[in-house]
Structures are given as structure tokens and as C-alpha cells.
Amino acid sequence: VVRGGGAELLVEQGATVAAADAAISIRIERSYSPYSQVAPTTLQIDGNVGGGTSSAIALMSFGNYGWTEATITVSSTGRITGPTAIDLQRPRSNGSTGYELEYLRTAVELDNGGVIESSTGGIAVRGSDDGRAYFSSIINRADGAIGAIQGRVDSIINEGMIDGGALSAVTSEPGQSNFGFQSYISNSGTIRASGAADTLGFRGSANVYNDGAILAEGMGRAISGRNLTIVNGEGGSIVANHTAIDHPWVTLAPRRYVLGTEADFISQPEAYCSCGDAYGTVIAKGRDPYFPAGPDTAQLNIFDAETRRE
């Protein structure tokens, strides 16, 4: 347990911090300061943190009014693994009315050059559901790898890999829209998801600058949100793996899709459809590896250069 403002914890290279059973490996407890800024808690992870069936690192803040801050730095030799690798838990009020929660905030800066992942394929990095415990910034270095991120994140700079797997790579918590802030993402690495969820899913506003790859390899959209500003740089690639089955490409450019044969269409009508062109072209319906084909979607061939360019 790490307590108090200004506390520092170093997990050295080659060292392992692991809890047994349901215990949290590293628990940070911070009390709020209503009158002055308290020095942040600092974690430097050069070794391994994980084990057990609970979060590898959990931050818990409590008090009546004010805010707390923490910084977590993971070097290239660092690794954080747990059902949830880093979990920012909802602030707890010491007051009797609960009104004090309106004034509680916990902000964390995360700088990763190692590996942060969920051991169960779940959420790797999570902010509180109400958005009061959040990541003010996440930097993922070129050699860094992070699993699914959920919660309020004000800024993400990604040079490495953010892989949501069957979940979204980055998604907002349900209460995000109540806070009226805007997310900023700058991507020069790879952000991907392979499930039914959108790769980047925002409930509020977001600015996305992409000079890398944002890939929706499942049934979800590459980017979704209420108010989006998207700049795709010259070297950027934003790719979804399917379109609607009535998209103009189906009849005008069927070669941009995964093709099948007439035998496929006859034997698996739930997975293939006819383009209706003069050549009898058959294409695959859009699908996720874990779910049946979507009846109203068509599977893009994301390995085709023309498809990726368009």
C-alpha cells in the first residue's frame, strides 16, 4: 500500500510485485487536499507487477473536497498484468451527504514504454465510471503496448500499439458526456480492435490526428463519436473491415471485398451474397471472428491496396 502525497515507489528491473488470490498487487491510497496542491504519487515500473485475480495497480482517493494526482511510468523492461492492469477507482467522500463528490477529482499521467495488458482479455487501463478519476494524459512510446483503455482520457499520444482485442481499443466511460471535455488523440503507431465494438468510441467530442494506422478488424467502426474532428495525415490509414451491403462499391467495385464462389453462395447463403452484376460475383458478408456474419454487411478486403487507399 502506497499512501500520501509525494510518495515514490520503484519496481526495479528484474523484480516482481505480485499479490496472491484476490489481493491488489499495488494499492495507492490518497487523501484529498482542499486547500493546496499536494505533490503527486510517483510509480516507476521497470520490473513486473501482477498476479492474483484482482487489479495489478489500483488507485483509491478519499476525502471531502479537492484533488489528487499520480504519475505512472513504465519503462521498456516494465510489465503490468492483471484482470485490470491499472484501475482508477471512483473517489470516496468522507461527507455524510455525498454532495462533496462534485468536488473530488483524481488525475493520473501514464507514460508507457513497456507492456500493460489484461490477463483475461478485458480492460487493461480503466478510469472510474463517473469520470472523476481519469487519465489526464497517456503516452505510449514506440516500443509500448497497451490493451483496451476505458474511461475518461484527456490526451493520448500513441507511437506504439494499442490493441483492444475483442473490446474497443479506446472507449469513453458512460458518464463522460456530463463533463463536457474534449479528448485529443495523436496516433503515429497502430490502434486496433478485432471485435464487435468500435476501435475508437467516444460519447463526447474528440479530436483525432492520425499518421499511423487505426484498424477496425471486427464488426465495429474505426471511429465513432458525437462531435469528431479527424485529420488523417499523408501516412495515415483508417480502415474498417466492412460496409453496408447496399454500399455502391458492392456493384461498382466488388473487387474491394473478400470474394467467394458460386459454390460458397449456394452452400453458405448466410455468409455470402451475390453482387447482382453481370459476372455473378460473390462476396463475403461482414463478420467478426467470434460472431456470425452480419446479414446487412459486406466484408472489405483490407489487404487490397485500392481498398486501403479509398
Side-chain angles (χ1 to χ4, degrees), residues 84 116-118 120-127 129 138 140 145-153 156 158 160-177 183-187 189-210 212-232 236-250 256-258 270-273 283-304 307-310:
T84 302
I116 303 174
E117 63 182 359
S118 168
T120 60
I123 299 165
V125 176
R126 178 169 58 194
D129 288 343
I138 294 177
N140 192 40
I146 302 178
I149 299 171
Q150 177 179 290
R152 172 181 168 181
V153 183
I156 296 177
N158 179 55
M161 169 69 78
I162 301 176
D163 187 352
L167 306 176
S168 290
V170 180
T171 187
S172 308
E173 84 292 334
Q176 169 177 308
S177 59
S183 299
Y184 171 80
I185 292 183
S186 176
N187 177 54
T190 299
I191 303 175
R192 65 180 294 273
S194 57
D198 300 338
T199 301
L200 298 178
F202 304 100
R203 288 182 170 82
S205 301
N207 290 327
V208 179
Y209 178 81
N210 179 55
I214 299 174
L215 308 175
E217 299 175 347
M219 290 296 291
R221 295 165 290 187
I223 305 174
S224 65
R226 290 181 178 177
N227 185 13
L228 299 174
T229 299
I230 301 172
V231 177
N232 196 34
S237 178
I238 301 175
V239 181
N241 85 338
H242 66 278
T243 70
I245 205 165
D246 59 355
H247 192 282
W249 284 1
V250 171
R256 294 175 182 170
Y257 295 88
V258 174
E270 74 285 356
Y272 292 89
C273 63
I283 62 175
K285 294 180 180 179
R287 66 165 299 168
D288 173 278
Y290 306 100
F291 298 96
D296 57 353
T297 62
Q299 183 86 25
L300 287 166
N301 180 6
I302 63 174
F303 300 103
D304 177 72
T307 304
R308 296 180 70 93
R309 185 169 60 250
E310 292 298 323

**Student:** Is there a donor-acceptor contact under 3.5 Å from the side chain of Arg126 to the main chain of Gln150?
**Tutor:** no
**Student:** Suppose we screen for side chain to side chain contact (heavy atoms under 4.5 Å, CB included). Which residues come up paired with Asp296, at least two apart in sequence or across chains?
**Tutor:** none
**Student:** Measure the CD1-OG1 distance between Ile214 and Thr190 for me, rounded to the nearest 0.5 Å.
**Tutor:** 10.0 Å
**Student:** Determine, step by step, whether Ile156 and Ile162 satisfy the side chain to side chain contact (heavy atoms under 4.5 Å, CB included) criterion, reporting the C-alpha distance in whole Å, the side-chain angles of both residues, the deciding distance to 0.1 Å, and the verdict.
**Tutor:** CA-CA 11 Å; Ile156 296 177; Ile162 301 176; 4.2 Å; yes
**Student:** Determine the minimum heavy-atom distance between Ala169 and Ile191, stating which atoms define it.
**Tutor:** CB-CG2, 3.5 Å
**Student:** Apply the test side chain to side chain contact (heavy atoms under 4.5 Å, CB included) to residues Ser118 and Ile123: give CA-CA distance (whole Å), side-chain angles for both, the deciding distance (0.1 Å), then the verdict.
**Tutor:** CA-CA 6 Å; Ser118 168; Ile123 299 165; over 6 Å; no
**Student:** Is it the case that the side chain of Ser194 and the backbone of Gly218 share a donor-acceptor pair, with hydrogens and angles ignored and the cut-off at 3.5 Å?
**Tutor:** no
**Student:** For the pair Ser183 (side chain) and Val153 (backbone), establish whether a donor and an acceptor sit closer than 3.5 Å, ignoring hydrogens and angles.
**Tutor:** yes
**Student:** Considering all heavy atoms of both residues, which atom of Ala222 and which atom of Ile238 are nearest to each other, and what is their separation?
**Tutor:** CB-CG2, 3.7 Å
**Student:** List for me each residue that meets salt bridge (Lys or Arg N to Asp or Glu O under 4.0 Å) alongside Arg221, sequence neighbours excluded, and say none if there are none.
**Tutor:** Asp198
**Student:** If every non-hydrogen atom of Lys285 is compared with every non-hydrogen atom of Tyr272, which pair is closest and at what distance?
**Tutor:** CE-O, 3.5 Å
**Student:** Is Ile185 close to Phe202 at the side-chain level, that is, under 4.5 Å between some pair of heavy atoms?
**Tutor:** yes
**Student:** When you compare the side chain of Leu300 with that of Tyr257, does any pair of heavy atoms fall below 4.5 Å?
**Tutor:** yes
**Student:** Could you give the distance from CD1 (Ile230) to OH (Tyr209), rounded to the nearest 0.5 Å?
**Tutor:** 13.5 Å
**Student:** Output, in order, the C-alpha distance, side-chain angles, deciding distance and verdict of side chain to side chain contact (heavy atoms under 4.5 Å, CB included) for Ile223 and Asn210.
**Tutor:** CA-CA 11 Å; Ile223 305 174; Asn210 179 55; over 6 Å; no
**Student:** Locate the shortest heavy-atom distance separating Asn158 from Met161; write the atom from each residue and the value.
**Tutor:** OD1-N, 3.8 Å
**Student:** Where do Ala197 and Ser168 come nearest, in terms of heavy atoms and distance?
**Tutor:** CB-OG, 3.3 Å
**Student:** Is there a donor-acceptor contact under 3.5 Å from the side chain of Ser237 to the main chain of Ala213?
**Tutor:** no
**Student:** Where do Ala298 and Ile283 come nearest, in terms of heavy atoms and distance?
**Tutor:** CB-CD1, 3.8 Å
